[in-house]
Trainee: 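Quick one: this structure, given as structure tokens, is what I'll be asking you about.
Heavy-atom basis, side chains included; hydrogens, waters and symmetry copies ignored.
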Amino acid sequence: DFYRMDGSEVGLVMRWGRFSGSLMASDHRAINMPVLEAPNRTVIPADAGHYQTLALTASYGRSGGAEFFGSVRPFFVDAVVRVGRDMATSEVFASAEASVGLRLQTFATGYSPMRLDLDLFGGTQLQGNLPRQYQFSLLQRYPVLGSHVDLATVPVSAFGGTRYVRAHV
């Protein structure tokens, strides 16, 4: 289930007040690297091959660091557009993803204030066939790890797709 990307990436990251953005370009090979020889579950390998990708991200309202004592911003919006090419077939693929969130403080506790988080996430394939490692996979929340820990865990999130919508309250 694990794969390695060998190659290079170059990019530009900018931050201006509450706005941030990046433009990243990569040229890499995706190589499957199984950790277990015979896992007791369905194995879904990445689509191995040589890829070139270009990703443009934009964000508003992210704090850019850890949340200390309620220092999180009350509103955020993120967007990512990724375009790639499979160098073996010259097939072009593209996807877009966006999220918006609202943090409403409810009452003070003496430490980090209690708050209500309202989040909406979504993504879609725009062009071509997304290689498996670029498909969307819904995350699973594990309350024992905290209220903000989402993991892409097999087998629950084993299968990716070409579009999704997720709401979090």
Trainee: Same cluster or not: Leu118 versus Phe75, using hydrophobic residues (I, L, V, M, F, W, Y) connected whenever any side-chain heavy atoms lie under 4.5 Å apart?
Mentor: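 In one cluster: yes.
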
Trainee: Are Val165 and Val169 co-members of a hydrophobic cluster defined by side-chain heavy atoms under 4.5 Å apart?
Mentor: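 Same hydrophobic cluster.
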
Trainee: Between Arg115 and Gln105, do the side chains contain an N or O donor and an N or O acceptor separated by less than 3.5 Å?
Mentor: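 No, no side-chain donor-acceptor contact under 3.5 Å.
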
Trainee: Once side-chain contact (heavy atoms from CB on, under 4.5 Å) is applied, do any residues pair with Ser20, and if so which ones, sequence neighbours excluded?
Mentor: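 Once residues adjacent in sequence are excluded, the partners of Ser20 under the side-chain contact (heavy atoms from CB on, under 4.5 Å) criterion are Arg15, Ser59.
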
Trainee: Rounded to the nearest 0.5 Å, what separation is found between the CE atom of Met24 and the OG1 atom of Thr57?
Mentor: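 It is 8.5 Å, given to the nearest 0.5 Å.
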
Trainee: Please name the pair of heavy atoms, one in Gln135 and one in Gly161, separated by the smallest distance, quoted to 0.1 Å.
Mentor: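 Residues Gln135 and Gly161, closest heavy atoms: CB-O, 3.4 Å.
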
Trainee: I'd like to know if the side chain of Asn32 reaches the main chain of Ala46, judged simply by a donor and an acceptor atom lying under 3.5 Å from each other, with no hydrogens or angles considered.
Mentor: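 It does hold such a pair.
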
Trainee: Could you tell me whether the side chain of Glu91 and the main chain of Asn129 form a donor-acceptor pair under 3.5 Å?
Mentor: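 Present.
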
Trainee: Can you name the nearest heavy-atom pair linking Ser95 to Phe136, along with the distance?
Mentor: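 Shortest heavy-atom contact: CB-CZ, 3.9 Å.
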
Trainee: By the rule that ILVMFWY residues connect when side-chain heavy atoms come within less than 4.5 angstrom, directly or transitively, which residues belong alongside Phe107?
Mentor: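 Taking Ile, Leu, Val, Met, Phe, Trp and Tyr as members, Phe107 shares its hydrophobic cluster with Met114.
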
Trainee: Find out whether Asp78 and Glu97 are in side-chain contact, i.e. whether some heavy atom of one side chain is under 4.5 Å from a heavy atom of the other.
Mentor: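 With C-beta onward as the side chain, the pair stays apart.
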
Trainee: If hydrophobic clusters are built by linking Ile, Leu, Val, Met, Phe, Trp and Tyr wherever their side-chain heavy atoms come under 4.5 Å apart, do Val100 and Tyr60 end up in the same one?
Mentor: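 Yes, same cluster.
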
Trainee: I'd like to check Arg85 versus Tyr51 (side-chain heavy atoms, cut-off strictly below 4.5 Å). Are they in contact?
Mentor: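 Result no, sub-4.5 Å side-chain heavy-atom pair not found.
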
Trainee: Hey, does Phe76 have a side-chain heavy atom less than 4.5 Å from the side chain of Arg103?
Mentor: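 They are in contact (side-chain heavy atoms under 4.5 Å apart), so the answer is yes.
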
Trainee: To the closest 0.5 Å, what do you measure between CG (Leu102) and CG (Asp117)?
Mentor: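 Leu102 atom CG to Asp117 atom CG measures 9.0 Å (nearest 0.5 Å).
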
Trainee: Hey, are the side chains of His28 and Glu9 touching, using non-hydrogen atoms and a 4.5 Å cut-off?
Mentor: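 With C-beta onward as the side chain, the pair stays apart.
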
Trainee: Is the shortest heavy-atom distance from the side chain of Leu54 to the side chain of Leu23 under 4.5 Å?
Mentor: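 The answer is yes; the side chains approach within 4.5 Å.
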
Trainee: Would you say the ring centroid of Tyr134 lies under 6.0 angstrom from that of Phe93?
Mentor: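 Tyr134 vs Phe93: aromatic centres under 6.0 Å.
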
Trainee: Please report the shortest heavy-atom distance between Phe121 and Ser99, naming the atom on each side.
Mentor: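 Nearest heavy atoms, Phe121 then Ser99: CD2-CB, 3.3 Å.
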
Trainee: Quick check: does any side chain N or O of Asp47 sit under 3.5 Å from a backbone N or O of Arg132, one acting as donor and the other as acceptor?
Mentor: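 At least one qualifying donor-acceptor pair exists.
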
Trainee: State, to 0.1 Å, how close Gly101 and Asp119 come at their nearest heavy-atom pair, and which atoms those are.
Mentor: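 Looking at all heavy atoms of both residues, the shortest contact is CA-OD1, 3.3 Å.
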
Trainee: Using every non-hydrogen atom in the two residues, find where Arg163 and Thr124 come nearest and quote the distance to one decimal.
Mentor: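 Closest pair (atom of Arg163, atom of Thr124, distance): NE-OG1, 3.5 Å.
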
Trainee: About how many Å separate CG of Leu12 and CG of Leu56, when rounded to the nearest 0.5 Å?
Mentor: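 Output value for this atom pair is 10.5 Å.
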
Trainee: Rounded to the nearest 0.5 Å, how far does CG of Leu126 lie from OG1 of Thr162?
Mentor: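 Thr162 atom OG1 to Leu126 atom CG measures 10.5 Å (nearest 0.5 Å).
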
Trainee: Given the rule that I, L, V, M, F, W and Y join up when any side-chain heavy atoms are under 4.5 Å apart, are Val77 and Leu116 in one cluster?
Mentor: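 Result: yes, single cluster for both.
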
Trainee: So which heavy atom on Thr53 is nearest to which on Ser26, and how close?
Mentor: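 Smallest heavy-atom distance, with atoms named: OG1-OG, 2.6 Å.
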
Trainee: Would Gln127 and Val92 satisfy side-chain contact (heavy atoms from CB on, under 4.5 Å), going step by step from the backbone distance to the final call?
Mentor: CA-CA 7 Å; Gln127 179 180 351; Val92 174; 3.9 Å; yes

Trainee: Using the side-chain contact (heavy atoms from CB on, under 4.5 Å) criterion, which residues pair with Ala55? Sequence neighbours excluded.
Mentor: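 Ala55 satisfies side-chain contact (heavy atoms from CB on, under 4.5 Å) with Arg82 once adjacent residues are dropped.
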
